[in-house]
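Since the structure comes first, as structure tokens, the remarks are kept for the end.
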There are 2 protein chains.
Amino acid sequence: MQIGELSRETGVNIETIRYYERSGVLPTPVRQDNGRRVYGASDVRRLGFIRHARNLGFDLQSVQTLLALQEQPQASCADASRIAQAQLDEVEQRIARLQSLQLELSRMVAECRKGMVAECRVIEALDTPLS
Amino acid sequence: MQIGELSRETGVNIETIRYYERSGVLPTPVRQDNGRRVYGASDVRRLGFIRHARNLGFDLQSVQTLLALQEQPQASCADASRIAQAQLDEVEQRIARLQSLQLELSRMVAECRKGMVAECRVIEALDTPLS
DNA sequence: CTACAACCTGTAGTGACTACAGGAGCAAGA
DNA sequence: TCTTGCTCCTGTAGTCACTACAGGTTGTAG
């Protein structure tokens with residue numbers, strides 16, 4: 001399969017696929033005689049993995065670490081778990097902060113609806129540290 | 001207060017403060033005779049707000065919108081309400097996305113803890129995208 | 001033969017920083 | 001007074017993870 005089909009199959013931009021190759025997170029593919037890249041099923045899987053990991057907020061460095069772990073199945077899962085846990089901690093922090101902002105914004109909207117001049121406390125909502 | 005103190009007070013890099021000024025999210029400050037920037041308490045608050053909003057994943061454009069909301073004179077309450085509602089929608093979407101992410105990450109970590117090394121599911125979890 | 005899609009390389013732009021070069025101001029100590 | 005060292009200044013360039021585009025080649029359908 002050529003790069004266009006891989007792109008359609010995975011939903012990853014062609015330019016992005018070439019970028020992933022350049023930055024080493026995708027292996028350099030075999031080329032046809034005309035120089036075009038040839039991909040297989042394993043590339044679809046790998047690229048799907050990368051896309052999903054990126055959506056979860058892993059940077060390409062972490063993705064590469066996870067892929068390396070995958071290729072060494074006997075290696076400990078502690079590394080992968082540690083990376084995931086770090087992401088999880090950050091995600092939970094973000095959720096908490098967003099919920100306090102959500103509260104403040106909905107309060108403002110509600111006050112505005114009532115025709116009152118809301119004294120805006122958006123800044124305070126974000127300024128006061130969590131918990 | 002000079003830029004260094006503002007930086008220490010808010011935890012925002014000096015270079016980043018100047019960048020915020022360049023990109024219009026911080027007002028151009030008064031200068032001393034020697035050309036150095038002078039800041040006050042309002043800048044500390046504003047910069048703290050920017051930092052938190054950025055941590056929440058708002059881009060500088062949205063931060064500027066939120067700040068405009070804050071500075072909105074009582075006049076256009078309907079307008080302010082509309083902006084606040086739009087931000088609220090975005091915040092709620094963001095929370096939902098983060099929560100599904102949180103679920104998956106915590107499942108990954110939990111399975112990794114329970115399972116044996118050979119059966120680590122972290123990578124498999126990333127391989128199968130969310131429905 | 002022509003049109004056009006799909007591919008190629010290489011470079012440059014984006015957003016939000018971050019680092020660094022090269023210079024100036026200023027306060028304290030020798 | 002001179003020097004050291006810190007903070008500040010401007011301006012440019014680098015980073016990450018793309019994304020866009022220019023300018024060229026290849027393949028295929030009409």
Side-chain angles (χ1 to χ4, degrees), chain A residues 1-40 43-44 46-67 83 86-87 90 94 97 126, chain B residues 1-40 43-44 46-67 90 94 97 101 126:
Chain A
M1 116 179 38
Q2 292 189 354
I3 201 166
E5 199 184 333
L6 179 62
S7 171
R8 281 189 298 279
E9 206 111 316
T10 57
V12 177
N13 202 319
I14 288 178
E15 320 268 24
T16 307
I17 293 171
R18 288 199 279 251
Y19 168 72
Y20 284 164
E21 182 188 332
R22 261 198 321 282
S23 53
V25 77
L26 271 184
T28 54
V30 178
R31 300 283 186 133
Q32 286 173 349
D33 289 356
N34 55 23
R36 298 189 176 188
R37 292 167 176 84
V38 184
Y39 297 100
D43 297 297
V44 177
R46 195 182 177 99
L47 193 47
F49 175 88
I50 295 167
R51 186 174 55 91
H52 194 55
R54 290 283 307 125
N55 282 346
L56 289 178
F58 293 99
D59 59 15
L60 284 185
Q61 189 73 300
S62 301
V63 173
Q64 220 157 355
T65 305
L66 286 167
L67 283 165
I83 294 169
Q87 291 290 324
E90 213 200 294
R94 281 187 192 202
R97 285 182 189 277
L126 287 178
Chain B
M1 132 183 20
Q2 291 190 353
I3 200 167
E5 198 183 334
L6 179 63
S7 172
R8 280 189 298 279
E9 207 111 315
T10 58
V12 176
N13 202 318
I14 287 179
E15 321 268 22
T16 306
I17 294 171
R18 288 197 280 251
Y19 168 73
Y20 285 163
E21 181 187 332
R22 260 197 322 282
S23 53
V25 76
L26 271 185
T28 54
V30 178
R31 302 282 186 133
Q32 286 174 347
D33 289 355
N34 55 22
R36 299 190 174 187
R37 292 165 176 84
V38 184
Y39 296 100
D43 298 296
V44 177
R46 193 181 180 100
L47 194 46
F49 172 84
I50 295 167
R51 189 170 54 89
H52 284 302
R54 289 286 306 125
N55 283 346
L56 290 177
F58 291 98
D59 59 16
L60 284 184
Q61 189 75 303
S62 300
V63 173
Q64 223 157 353
T65 304
L66 285 166
L67 283 166
E90 211 200 294
R94 208 183 286 268
R97 269 212 312 280
L101 203 152
L126 276 173

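In what follows, every chain begins at residue 1, and chains take the letters A, B, ... in the order their sequences are listed.
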**Asked** Between atom CD1 of A/Ile50 and atom CG of A/Leu26, what is the distance when rounded to the nearest 0.5 Å?
**Response** 4.0 Å
**Partner of B/Ile3 by side chain to side chain contact (heavy atoms under 4.5 Å, CB included), out of B/Asp43, B/Val12, B/Val38, B/Ile14** = B/Ile14
**Request:** Look at A/Glu5 together with A/Arg8 and state whether they make a salt bridge at an N to O cut-off of under 4.0 Å.
**Result:** no
**Asked** A/Glu15 or A/Asp33: which one's nearest nucleotide on DNA chain D is closer to the 5' end?
**Response** A/Glu15
**Complete:** In whole angstroms, the gap separating P of C/dC17 from CD1 of B/Ile17 amounts to 12 Å
**Item:** A/Arg54 and A/Leu60, any side-chain heavy atoms less than 4.5 Å apart
**Value:** yes
**Prompt:** Does B/Asp59 or B/Asn34 map to a spot on DNA chain C nearer the 5' end, using the closest nucleotide for each?
**Reply:** B/Asp59
**Fill in**
Separation of C/dA16 atom P from B/Leu47 atom CG, nearest Å, is 15 Å
**Prompt:** Is A/Ser23 near enough to D/dA17 that one of its side-chain N or O atoms lies under 4.0 angstrom from OP1 or OP2?
**Reply:** no
**Asked** For C/dA6, does OP1 or OP2 lie under 4.0 Å from any side-chain N or O of A/Arg8?
**Response** no
**Asked** To the nearest Å, how far apart are A/Tyr19 OH and D/dT15 P?
**Response** 11 Å
**Message:** Check this one for me: any side-chain N or O of B/Arg18 less than 4.0 Å away from OP1 or OP2 of D/dC9?
**Reply:** yes
**Message:** Does D/dT10 have OP1 or OP2 under 4.0 Å away from a side-chain N or O of B/Arg37?
**Reply:** yes
**Request:** Kindly say if A/Arg54 contacts the phosphate of D/dC18, meaning a side-chain N or O under 4.0 Å from OP1 or OP2.
**Result:** yes
**Complete:** Rounded to whole Å, the CG-P distance (A/Leu26 to D/dA17) equals 14 Å
**Message:** Rounded to whole Å, please give me the gap between CG in B/Asn13 and P in C/dA19.
**Reply:** 7 Å
**Prompt:** Between A/Glu15 and A/Arg18, does at least one N-O distance fall below 4.0 Å, as a salt bridge requires?
**Reply:** yes
**Request:** Would you mind reading off the distance between A/Arg51 atom CZ and D/dC18 atom P, rounded to a whole angstrom?
**Result:** 12 Å
**Message:** Rounding to an integer number of Å, can you tell me how far B/Phe58 CZ sits from C/dG15 C1'?
**Reply:** 17 Å
**Asked** Is A/Arg31 touching bases, backbone alone, or none of the nucleic acid, heavy atoms closer than 4.0 Å?
**Response** sugar-phosphate
**Complete:** Whole-Å distance, B/Gln2 CD to D/dC6 P, equals 16 Å
**Request:** Respond yes when some side-chain nitrogen or oxygen of B/Thr16 is under 4.0 Å from OP1 or OP2 of C/dT18, and no when none is.
**Result:** yes
